[in-house]
Amino acid sequence: MNMTATLKSDITPQGADYETVRQVIELITEDYRDQPSLEDIAARLKQPPTQLQKTFTRWAGLSPKAFLQAVTLDHAKRLLRQESMPLLETSIEIGLSGPGRLHDLFVTHEAMSPGEWKARGAGLTIRYGFHPSPFGQALVMATERGLAGLAFADDGNEQACLEDMTCRWPNAAYVRDQEATVAYADRIFDPGRWRPEEPLRIVLIGSDFQVRVWQALLRIPMGKAVTYSDIAGELGQPTASRAVGAAVGRNPISFVVPCHRALGKSGALTGYHWGLTRKRAMLGWEAGKA
DNA sequence: AGGCATGTTCTTG
DNA sequence: CAAGAACATGCCT
């Protein structure tokens with residue numbers, strides 16, 4: 001967490017690099033069918049290939065080529081196929097009370113009490129800050145009890161992104177606090193720091209059904225994917241796949257609660273609150289890390 | 001390609 | 001409260 005030194009320069013949109021990375025991701029995910037080469041991409045963005053390569057690799061953790069390979073719809077389908085339903089059998093016990101050990105992030109979580117939920121965040125102080133991430137500016141929100149929100153914005157979009165989040169808990173008090181949130185951002189996007197000894201504490205604020213759906217998402221291991229109807233079945237309501245989709249879409253802690261690992265039954269990436277391009281990027285990023 | 005059942009949540013009267 | 005609409009779905013012509 002010695003990120004404080006670089007914090008200042010990181011907050012101010014150092015736009016150029018991120019914008020480049022964003023464009024590359026977008027271009028690749030849009031045109032992966034053409035399998036564009038590094039040179040093609042560089043030419044489209046009017047940048048020297050070697051520099052583009054370096055910038056992208058530094059931010060995304062893998063080369064443009066590796067990223068391209070990772071991102072194909074085939075890949076998404078393979079994710080579904082390779083696991084012939086272990087999810088249902090592997091179902092892990094999670095007590096609502098005690099912290100449980102969950103998925104690859106070793107996230108511990110607790111849900112808000114019904115009273116707290118009904119208050120729509122009243123009496124809650126939420127600290128927030130924007131930090132750079134491989135998927136754009138990440139909005140990190142935390143309460144005393146742990147990470148409560150994670151959202152993404154493109155450059156210039158920060159305000160809309162913040163509003164999207166704050167209106168979910170309209171009665172909470174919001175304090176901008178880069179220092180309190182940078183440690184979260186730092187850890188979340190560095191898989192080297194996902195350790196069982198130091199679980200990441202998260203707080204799920206939502207209705208009963210939503211929290212159950214999000215808990216189900218937490219059980220999907222990295223590099224795997226499930227369908228919306230898988231989740232519905234796991235909740236004991238096999239016909240509720242659409243309701244599941246709606247709940248997944250309101251996931252307040254994107255990425256950490258891996259809603260990007262939920263796909264349509266055909267393997268198609270059906271939707272993503274922060275943009276389908278980001279969903280593909282996340283799946284590709286995880287494939288690169290695995 | 002288009003219609004329809006489905007469960008949850010939000011909005012409206 | 002009741003009723004209706006909206007949804008990151010899925011199944012059936």
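In the text below, chain A, chain B and the rest are named by the order of the sequence lines, each starting its count at 1. What you see is a predicted model; the values in this text were computed from it and never measured.
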task: Might you point out which heavy atoms bring A:R127 and A:A180 nearest each other, and give the distance in Å?
output: CD-CB, 4.0 Å
- request: Heavy atoms only: give me the nearest A:A240-A:A232 pair and the separation to one decimal.
  value: C-CB, 3.9 Å
message: Considering every strand and a 4.0 Å limit on heavy-atom distances, what is the contact class for A:Y272: base, sugar-phosphate, or nothing?
response: base
- prompt: When rounded to the nearest 0.5 angstrom, what is the spacing between CD1 in A:I41 and CD in A:Q53?
  reply: 9.5 Å
Inter-residue atom distance A:T270.OG1 - A:K265.NZ, 0.5 Å rounding: 12.5 Å
task: Please step through salt bridge (charged side-chain N to carboxylate O under 4.0 Å, His left out) for the pair A:D208 and A:R212, ending with a clear verdict.
output: CA-CA 6 Å; A:D208 185 56; A:R212 273 165 49 219; 3.7 Å; yes
task: List the steps and the verdict of side chain to side chain contact (heavy atoms under 4.5 Å, CB included) for A:I202 and A:Y184.
output: CA-CA 10 Å; A:I202 67 175; A:Y184 281 110; over 6 Å; no
- prompt: Taking for each residue the nucleotide of DNA chain B with the nearest heavy atom, is it A:S241 or A:R250 whose nucleotide lies nearer the 5' end?
  reply: A:S241
- request: Could you tell me whether a side-chain N or O of A:T181 sits under 3.5 Å from a main-chain N or O of A:M141, the two making a donor and an acceptor?
  value: no
task: Taking A:R261 for its side chain and A:I220 for its backbone only, find out whether a donor-acceptor pair lies under 3.5 Å.
output: yes
Could I get a table of every N or O pair under 3.5 Å where one atom is in the protein and the other is in nucleotides 2-5 of chain B?
| unit_1 | atom_1 | unit_2 | atom_2 | d |
| --- | --- | --- | --- | --- |
| B:dA5 | N6 | A:R242 | NH1 | 3.3 |

- prompt: Picking from A:F255, A:F135, A:Y272, A:W285, what satisfies ring pair (Phe, Tyr, Trp, His ring centres under 6.0 Å) with A:H260?
  reply: A:F255
message: With heavy atoms of chain A within less than 4.0 Å as the criterion, where does contact along DNA chain C begin and end?
response: C:dC7 to C:dC11
field: Pairing annotation in dot-bracket form, given for DNA chain C with Watson-Crick or G-U pairs under 3.5 Å and | for cross-strand partners
entry: |||||||.|||||
task: Starting at atom CG of A:L235, determine the distance to atom C1' of B:dT8, rounded to an integer number of angstrom.
output: 12 Å
